[in-house]
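Here the structure comes first, spelled out in structure tokens, and everything after it is commentary.
We count ligands from 1, going down the list as the structure has it; atoms in each ligand are counted the same way. Throughout, numbering of the chain's residues begins at 1 and tracks the sequence.
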Amino acid sequence: MSQETGTTMLNLLQRPRRNRKHPAIRAFVRETTLAPEHLIYPLFVHAGEDDVPIASMPGCARLSQRGLLAEVEAARAVGVDIIALFPAVAEALKTPDGREAWNPNGLVPNTIKALKDRWPDLVIVTDVALDPYNSDGHDGIVAPDGRILNDETVEALCNQALCQARAGADIVAPSDMMDGRVQALREALDGEGFIDVSILAYTAKYASGFYGPFRDALDSAPKSGDKKTYQMDPANAREALREAELDEVEGADILMVKPAGPYLDILAALRRATSLPLAAYQVSGEYAMLKAACERGWLDEKRVVLESLLGIRRAGADVIFTYFARQAAEWLVASSRR
Ligand code: PBG
């Protein structure tokens, strides 16, 4: 006789629901965790005095130095100790060769110094790519015929990464997708004694429409053409394994997949293929989609944000770049106090 209704009872040996019947059982059966230490907080900075909200990323702003320090303080209070800096550079400073990227008095080096003055133990990730500084809006140097020059760009990226390392960056993160940049960066860093500066490689970075709000945030959209000759084709998975192999032999410390949500299969494939730690980037468009639906009351923000991050962890990410980092950590800390 069934306990439930007193009538029908299926003759089942296996009832997976027994492992879901009590919160304490569900707690030890849980396979994936999500905690503040799994989050990296990307932050936009500019040289202005005010924090300027970004329309397509509600809750995010181009931060002044004061705004940045306040935001980092709040994030650290809930256990987010790693941030990634993205500069919005004045149009007048942009050139075809992107040389502002290695100005020792530029926005990024000055910001790193200000942060490290206040918090020597804050972990700072810097973006290595020319797009914020390049008058053409590309990650690499554009030739007169429109090609993106690989080897010339790699040399510029080495200048950029060295400038960031000298200012105190802990992790440099090449997001440019030029060939051979990881090895070149490793050699350049080691050549100046920066053996402890890590390289987090954007290994499988796809030519994605989900970067739209980020390009609004930085005014960094390509002036002509697209990024398909360097970023990966969204149709390709095997090619990600090839990129991973190369970044690994070239000396990367951490590999990244980007975007995250629409590319969980890539993350899972890399998880099986490498023993290196994996990062994933929940990008601006993923943030914007969730925010937009939640603002309309169509989704429950806390539930879906934490679920999206847990899904990225489950697929294989050790750490996640997310604009929700501070908010998610606040929720996680509040629920762990219960
Ligand atoms: C560019 C860069 C981009 C992002 C991070 N670094 C945009 C692009 O490749 O066009 C996107 C991040 C996001 O959308 O949140 N080097």
- Note on the structure: of all protein heavy atoms, closest to atom 14 (O) of ligand 1 is S284 OG, 2.7 Å
- Per-atom contacts, ligand 1 versus A129 - under 4.0 Å to a heavy atom: 16 (N)
- Message: For V283, which part has a heavy atom under 4.0 Å from ligand 1: side chain, backbone, both, or neither?
- Response: both
- Message: Just checking F214 against F44, ring centres under 6.0 Å apart?
- Response: yes
- Message: Checking a contact table here: which protein heavy atom is nearest atom 12 (C) of ligand 1, and how many Å away?
- Response: F214 CD1, 3.3 Å
- Task: May I have the step-by-step check of salt bridge (charged side-chain N to carboxylate O under 4.0 Å, His left out) for R62 and D219, ending in yes or no?
- Result: CA-CA 11 Å; R62 296 180 183 188; D219 281 334; 3.3 Å; yes
- Indicate the ring-plane relationship of Y230 and H138, choosing parallel, tilted or perpendicular according to the 30° and 60° boundaries. perpendicular
- Message: Regarding S64 and D50, do their side chains bring together a donor and an acceptor under 3.5 Å, going by distance alone?
- Response: no
- Message: Taking 4.0 Å as the limit for heavy-atom contacts, which would you say applies to D127 with ligand 1: side chain only, backbone only, both, or neither?
- Response: side chain
- So with a 6.0 Å cut-off around CZ of R118, is the heavy-atom count from everything else above 12? yes
- Quick one: which of M177, H138, K227 has a heavy atom closest to atom 8 (C) of ligand 1? K227
- ligand 1 contact on Y287 by region, counting heavy-atom pairs under 4.0 Å: neither
- Query: Heavy-atom contact under 4.0 Å between F321 and ligand 1?
  - Reply: no
- If you have a sec, work out which protein heavy atom is nearest atom 16 (N) of ligand 1 and how many Å separate them, to one decimal? S175 OG, 2.7 Å
- Within 45 degrees of the axis of the six-membered ring of Y211 and under 6.0 Å from its centre: does K205 put its NZ or CZ there? yes
- Y323 neighbourhood, listing ligand 1 atoms whose heavy-atom distance to it stays under 4.0 Å: 12 (C), 13 (C), 15 (O)
- Query: Within less than 4.0 angstrom of ligand 1, does Y281 place any heavy atom?
  - Reply: yes
- Item | For atom 4 (C) of ligand 1, the protein heavy atom that lies nearest, with its residue and separation | K258 NZ, 2.6 Å
- Query: Do L85 and D127 have side chains that get closer than 4.5 Å, going by heavy atoms?
  - Reply: no
- Message: For atom 1 (C) of ligand 1, what's the nearest protein heavy-atom neighbour? Residue, atom name and distance, please.
- Response: D131 OD2, 2.9 Å
- Do other residues, nucleotides or ligands put more than 12 heavy atoms under 6.0 Å from the CZ atom of R166? yes
- Which residue and heavy atom of the protein sit nearest atom 9 (O) of ligand 1, plus the separation: K205 NZ, 2.7 Å
- Query: Would you say R15 has more than 12 foreign heavy atoms packed within less than 6.0 Å of its CZ?
  - Reply: yes
